[in-house]
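Atoms within each ligand, like the ligands themselves, are counted from 1 in listed order. All values below were derived from every heavy atom in this structure, side-chain atoms included, with hydrogens, water molecules and symmetry-related copies excluded. Everything quoted here is computed from the prediction, not taken from an experiment.
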Amino acid sequence: MTLLTLTRPDDWHVHFRDGALLAATVPPVAAVFGRAVAMPNLVPPLTTTTAALAYAERLRAAAANPAFTPLVSLYLTDHTTPDEIARARVAGLVAAKLYPAGATTHSAAGVTDLGRLDPVLAAMVEHDLVLQLHGEVTDPAIDVFEREARFVTDLLAPLCHRHPDLRIVLEHVTTRAGVAFVQAAGPHVAATITAHHLEVERSDLFKGGLRPHLYCLPVPKTRTDRDALLDVAISGHPRFFLGSDSAPHARAAKESGCCPAGVYTGHHTVLHYAEIFDRHGALDRLEPFASHHGADFYRLPRNADTLTLERAPTPIPLTLPFGPAAELVPHRAGETLAWRLQD
Ligand code: DOR
Ligand code: ZN
């Protein structure tokens, strides 16, 4: 197959940042995806419907593509109220994001006690909002490679039990345990899988030296875990779908003494996924994963138009512009992808 036409895909988890950076981060995503769920971990975080709507407007302006729809999720804190959830729904928001406080980039304002959020979660059921989870425990005593698996057993399982009707997405799942939990859960529990977690195992972070551009959270796990993600992504399971977690950081920060978490795939997201599915003989499963399952889970219509890829080389630049004064290093910089967007 040299041409691959799919229902236009959506990215259900992406970081665009804000201000002068939007000109670099939004157009490449808006040129490919019908919709993208923009993460609200800005400074300050988008904790109100008003702030989320204003951000959606900035994203729309930066996209310069009226066919692209940015979806912004609401940032949950210890102080989010059920009324805010009702307002979010009336305003057309479809999801709220739960960052355990301290789990990752700009999560300091996140939730410290999931148990105390129950009235908000009940309101999310009532108003039909999807809960997006950064699924890692934050106890510093727990090994960083164990934090997702512990989140699943200690927090997610009881949460699903308390709120069986809440629609939940375990974002950027990285473990076999996380995959197994979602597979065994009911129709209300799903997961996104990033392209980089389908490729990278934890040893790759240390291959020939420390690789800051592969450092992200949740941190990639073992080969067995990576293979569990691959198996389920290409299996056609309807509750696993595309969420790139493309997360740009300036090169200077990534290559500093304390590298922030984030892998940037944004300019080439769909091409990374196409290459991975192709390598595993599953190109026919790319469309459901990238274009159908997410829309179905979010109860939104599938996109009506299509995107065509062709089997032709796409070189990934060594760097990309990132705002007026910085650059970023894309995932697999300097390598060549096997697929290209058709003009
Ligand atoms: O690697 C990550 N980067 N994981 C996250 O959870 C946040 C993200 C970011 O905002 O940079
Ligand atoms: Zn993210």
Side-chain angles (χ1 to χ4, degrees), residues 10-19 21-22 24-26 29 33 36-46 52 55 59 70-76 95-111 130-138 144-145 147-148 151 168-175 178 190-200 202 204-205 211-221 229 241-256 258-266 269 272 294 320 322-323 326 328-331:
D10 302 301
D11 188 342
W12 297 98
H13 182 136
V14 60
H15 297 265
F16 290 120
R17 314 308 184 201
D18 204 355
L21 303 178
L22 297 182
T25 57
V26 181
V29 173
F33 293 98
V37 177
M39 287 297 126
N41 61 335
L42 305 182
V43 185
L46 304 175
Y55 184 51
L59 295 176
L71 300 166
V72 177
S73 54
L74 184 72
Y75 186 114
L76 298 174
K97 177 74 185 274
L98 191 153
Y99 289 100
T104 187
T105 308
H106 304 148
S107 63
V111 172
V130 170
L131 176 67
Q132 303 169 321
L133 290 176
H134 183 106
E136 291 191 283
V137 295
T138 53
V144 70
F145 294 103
R147 288 180 190 170
E148 180 176 297
F151 183 90
I168 296 172
V169 180
L170 179 60
E171 297 294 337
H172 40 55
V173 64
T174 61
T175 57
T192 53
I193 307 181
T194 79
H196 48 283
H197 287 111
L198 290 172
E199 267 172 11
V200 176
R202 66 188 188 187
D204 295 328
L205 273 81
R211 304 278 179 173
H213 299 290
L214 293 182
Y215 173 60
C216 58
L217 286 172
V219 72
K221 306 298 192 300
L229 304 181
F241 47 85
L242 189 159
S244 70
D245 199 18
S246 176
H249 291 274
R251 176 183 191 166
K254 288 292 285 180
E255 296 179 0
S256 73
C258 187
C259 157
V263 169
Y264 181 78
T265 47
T269 296
H272 282 288
L320 290 163
F322 190 48
L328 62 81
V329 176
H331 182 48

Novice: Just verifying a value: how many Å separate Leu76 CG and Leu46 CG, rounded to the nearest 0.5 Å?
Specialist: 12.0 Å
Novice: Which of the N/O/S atoms in Asp245 sits closest to the Zn ion (ligand 2)?
Specialist: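 Of the nitrogen, oxygen and sulfur atoms in Asp245, the Zn ion (ligand 2) lies nearest to OD1.
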Novice: Taking the Zn ion (ligand 2) as the vertex, what is the angle from NE2 of His15 to NE2 of His13, given to 10 degrees?
Specialist: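 My answer is 110°, to the nearest 10°.
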Novice: Under 3.5 Å between any N/O of Pro218 and any N/O of ligand 1: does that happen in this structure?
Specialist: no
Novice: Tell me, please: is Met39 in heavy-atom contact with ligand 1, that is, under 4.0 Å?
Specialist: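 Distance cut 4.0 Å: Met39 fails for ligand 1.
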Novice: Measure up the His196 and His331 rings against each other and bin them: parallel (under 30°), tilted (30 to 60°), perpendicular (over 60°).
Specialist: perpendicular
Novice: Taking only heavy atoms of Ala247, which atoms of ligand 1 are found under 4.0 Å from at least one of them?
Specialist: 3 (N), 8 (C), 9 (C), 11 (O)
Novice: Quick test of your reading of the structure: of Asp245, Thr104, Leu217, Leu42, whose heavy atom lies closest to atom 7 (C) of ligand 1?
Specialist: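 Comparing heavy atoms across Asp245, Thr104, Leu217, Leu42, the nearest one to atom 7 (C) of ligand 1 lies in Thr104.
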Novice: Does Lys221 reach the main-chain N or O of His197 with its side chain, forming a donor-acceptor pair under 3.5 Å?
Specialist: no
Novice: Output the distance between atom OH (Tyr99) and atom CG (Leu133), rounded to the nearest 0.5 Å.
Specialist: 11.5 Å
Novice: Suppose I only count heavy atoms of Cys216 and a 4.0 Å limit; which atoms of ligand 1 are within that range?
Specialist: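 Going through ligand 1 atom by atom, the ones under 4.0 Å from Cys216 are 1 (O).
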Novice: If you round to the nearest 0.5 Å, how far is OH of Tyr264 from OG1 of Thr25?
Specialist: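 Answer for the OG1-OH pair, Thr25 versus Tyr264, is 6.5 Å.
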Novice: Using a 3.5 Å distance criterion without hydrogens, assess whether the side chain of Ser244 forms a donor-acceptor pair with backbone atoms of Thr194.
Specialist: no
Novice: Between atom OG1 of Thr175 and atom CG of Leu170, what is the distance when rounded to the nearest 0.5 Å?
Specialist: 7.5 Å
Novice: Are Arg17 and ligand 1 in contact, using a heavy-atom cut-off of under 4.0 Å?
Specialist: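 Heavy atoms of Arg17 do come under 4.0 Å of ligand 1.
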Novice: Report, in ascending order of atom number, the atoms of ligand 1 lying under 4.0 Å from any heavy atom of His134.
Specialist: 6 (O)
Novice: For atom 3 (N) of ligand 1, grab the closest protein heavy atom and report residue, atom and distance to one decimal in Å.
Specialist: Ala261 O, 3.0 Å
